[in-house]
*Asks:* 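My questions will all concern the structure given below.
The structure presented is a predicted model; accordingly, all values stated were derived computationally and were not measured. Position 1 is the first residue of the sequence; numbering continues from there.
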Amino acid sequence: FVNKTASSALAAAGDTDKFIELTVEPVLTKRDTRFGVYLNYSNPGNAFFLGFDSTGWFYQLYKGGDGSWKKSNVSGPDAGESQTLRMEWNGTTLTKATVNGTIIFENVDFSQADNTAADVVALKLGASGIEGETTEVYLTGITYTGQQEPPADKTAPKLVSAEMTGPDTA
């Protein structure tokens with residue numbers, strides 16, 4: 001889903017260094033969980049993506065539905081384990097990505113991805129690909145460049161892939 005609040009704040013920040021940070025905790029095992037963050041998101045096939053699956057954290061440069069990818073040497077969280085992802089970028093360069101403070105990628109040029117939707121941030125949640133399976137994660141500590149202070153009565157969102165519908169939720 002597209003995070004319109006974060007996207008608006010990032011766009012309003014202009015041409016500057018930007019970041020997004022969040023903590024993710026899967027409810028199910030690594031085998032059953034796919035999660036990540038899109039930068040400059042137009043649709044699932046056109047953006048820069050950084051996330052994890054059963055093999056660990058990776059990024060992919062999407063343009064026209066396909067693109068090159070690179071795996072890190074850091075595994076993703078298992079059920080009940082939390083990991084904090086921080087992405088820092090400027091324009092079309094991921095200057096640094098960390099998981100629990102460990103650098104997983106630096107100075108990644110993502111200009112080859114489709115970047116027509118600058119500063120649009122989206123989150124992806126998916127299951128293992130077996131029909132009928134769902135996954136869920138808890139997200140906490142979401143912070144980003146230009147963020148306004150959230151109301152005190154807001155609780156951490158819980159994403160469930162079965163509840164996501166529409167053409168842009170793949």
Side-chain angles (χ1 to χ4, degrees), residues 1-7 10 18-89 92 94 97-100 102 104-105 108 110 112-144 155-170:
F1 72 88
V2 172
N3 186 328
K4 291 182 180 180
T5 304
S7 298
L10 291 165
K18 298 175 183 172
F19 79 93
I20 187 165
E21 181 173 298
L22 55 84
T23 299
V24 58
E25 179 184 327
V27 174
L28 304 175
T29 66
K30 286 183 204 182
R31 182 188 72 81
D32 300 315
T33 304
R34 312 289 182 270
F35 174 79
V37 177
Y38 287 105
L39 298 180
N40 298 354
Y41 177 85
S42 293
N43 59 54
N46 292 291
F48 174 75
F49 177 79
L50 195 154
F52 69 87
D53 62 13
S54 62
T55 65
W57 288 91
F58 66 95
Y59 72 79
Q60 187 159 6
L61 307 171
Y62 285 106
K63 187 169 189 170
D66 197 15
S68 62
W69 60 277
K70 183 175 181 181
K71 185 178 180 291
S72 79
N73 60 356
V74 176
S75 65
D78 213 339
E81 298 174 348
S82 64
Q83 289 185 338
T84 299
L85 169 67
R86 182 177 175 93
M87 299 169 66
E88 300 173 9
W89 73 97
T92 58
L94 178 74
T98 61
V99 172
N100 290 346
T102 299
I104 59 171
F105 298 111
V108 175
F110 60 91
Q112 292 180 9
D114 182 326
N115 291 292
T116 55
D119 297 321
V120 176
V121 174
L123 303 176
K124 177 182 182 176
L125 181 66
S128 64
I130 299 172
E131 188 173 335
E133 284 196 4
T134 62
T135 192
E136 58 186 291
V137 298
Y138 291 103
L139 295 177
T140 57
I142 301 171
T143 56
Y144 47 84
T155 59
K158 179 179 176 181
L159 302 180
V160 179
S161 62
E163 296 172 358
M164 299 168 68
T165 60
D168 290 341
T169 58

*Asks:* Could you tell me the separation between the CZ atom of R86 and the CG atom of L50, rounded to the nearest 0.5 Å?
*Replies:*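 Result: 13.5 Å between the selected atoms.
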
*Asks:* Using modelled atom types only, decide if a donor and an acceptor are shared between the side chain of N115 and the backbone of A118 within a distance under 3.5 Å.
*Replies:*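 Answer holds: no.
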
*Asks:* So which heavy atom on L28 is nearest to which on T135, and how close?
*Replies:*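 Scanning both residues completely, I find the closest heavy atoms to be CD1-CA, 3.7 Å.
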
*Asks:* Considering residues at least two apart in sequence or located in another chain, which fulfil the ring-ring contact (aromatic ring centres under 6.0 Å, His included) criterion with F48?
*Replies:*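 Once residues adjacent in sequence are excluded, the partners of F48 under the ring-ring contact (aromatic ring centres under 6.0 Å, His included) criterion are Y59, F110.
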
*Asks:* Show your reasoning for whether side chain to side chain contact (heavy atoms under 4.5 Å, CB included) applies to Y138 and V24.
*Replies:* CA-CA 6 Å; Y138 291 103; V24 58; over 6 Å; no

*Asks:* Quick one: CD1 on I20 to OG on S7, what's the gap to the nearest 0.5 Å?
*Replies:*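 I20 CD1 to S7 OG: 8.0 Å, rounded to 0.5 Å.
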
*Asks:* Test Q83 against L22 for side chain to side chain contact (heavy atoms under 4.5 Å, CB included), laying out the working first.
*Replies:* CA-CA 8 Å; Q83 289 185 338; L22 55 84; over 6 Å; no

*Asks:* Quick one, N43 and D114 - any side-chain contact, counting heavy atoms below 4.5 Å?
*Replies:*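 No; the side chains remain at least 4.5 Å from each other.
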
*Asks:* Give a yes/no verdict on a cation-pi contact between K70 and F105, requiring under 6.0 Å between NZ or CZ and the six-membered ring centre and an angle within 45° of the axis.
*Replies:*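 No, cation not above the ring by the 6.0 Å, 45° rule.
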
*Asks:* Please answer whether the main-chain N or O of G64 pairs with a side-chain N or O of N46 as donor and acceptor at a distance below 3.5 Å.
*Replies:*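 Present.
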
*Asks:* Mind checking the OG1-CD spacing from T140 to E25? Nearest 0.5 Å is all I need.
*Replies:*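 Going from the OG1 atom of T140 to the CD atom of E25 covers 7.5 Å.
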
*Asks:* At what distance, to the nearest 0.5 angstrom, does OG1 of T92 lie from CG of N40?
*Replies:*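 Reported to 0.5 Å precision, the distance equals 8.0 Å.
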
*Asks:* Are Y62 and Y38 close enough, and set up right, to give a side chain to side chain contact (heavy atoms under 4.5 Å, CB included), and what steps lead you there?
*Replies:* CA-CA 10 Å; Y62 285 106; Y38 287 105; 4.2 Å; yes

*Asks:* Nearest 0.5 angstrom please: T98 OG1 to M87 CE, how far?
*Replies:*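 With rounding to 0.5 Å, OG1 (T98) is 10.5 Å from CE (M87).
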
*Asks:* Centre of F52's six-membered ring, under 6.0 Å away, within 45 degrees of the axis: is that where NZ or CZ of R34 sits?
*Replies:*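 No cation-pi geometry.
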
*Asks:* Under the side chain to side chain contact (heavy atoms under 4.5 Å, CB included) criterion, do V137 and V27 qualify, and how do the steps go?
*Replies:* CA-CA 5 Å; V137 298; V27 174; 5.9 Å; no

*Asks:* Measure the spacing between CD of Q60 and OG of S68 and express it to the nearest 0.5 Å.
*Replies:*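 Rounded to the nearest 0.5 Å, the CD-OG separation comes to 7.5 Å.
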
*Asks:* Salt bridge check, D119 against K18: does any charged N sit closer than 4.0 Å to a carboxylate O?
*Replies:*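 Salt bridge present between K18 and D119.
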
*Asks:* Tell me whether the count of non-hydrogen atoms from other residues, nucleotides or ligands lying under 6.0 Å of CD in Q112 goes above 12.
*Replies:*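 Open.
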
*Asks:* With T84, which residues qualify under side chain to side chain contact (heavy atoms under 4.5 Å, CB included), at least two apart?
*Replies:*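 Applying side chain to side chain contact (heavy atoms under 4.5 Å, CB included) to T84 gives E21, T23, N100.
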
*Asks:* With ring centroids as reference points, do F49 and F58 lie under 6.0 angstrom apart?
*Replies:*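 Yes; F58 has its ring centre under 6.0 Å from that of F49.
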
*Asks:* Return the set of residues passing side chain to side chain contact (heavy atoms under 4.5 Å, CB included) with T29 (not counting sequence neighbours), or none when no residue passes.
*Replies:*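 So T29 forms a side chain to side chain contact (heavy atoms under 4.5 Å, CB included) with R31, D32, D78.
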
*Asks:* Taking all atoms of both residues into account, what is the closest heavy-atom pair of A122 and Y41, and its distance?
*Replies:*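 Scanning both residues completely, I find the closest heavy atoms to be CB-CG, 3.6 Å.
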
*Asks:* Testing the basics here: between A47 and A113, what is the closest heavy-atom pair and its distance to 0.1 Å?
*Replies:*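 Taking A47 first and A113 second, the nearest heavy atoms are O-CB, 3.5 Å.
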
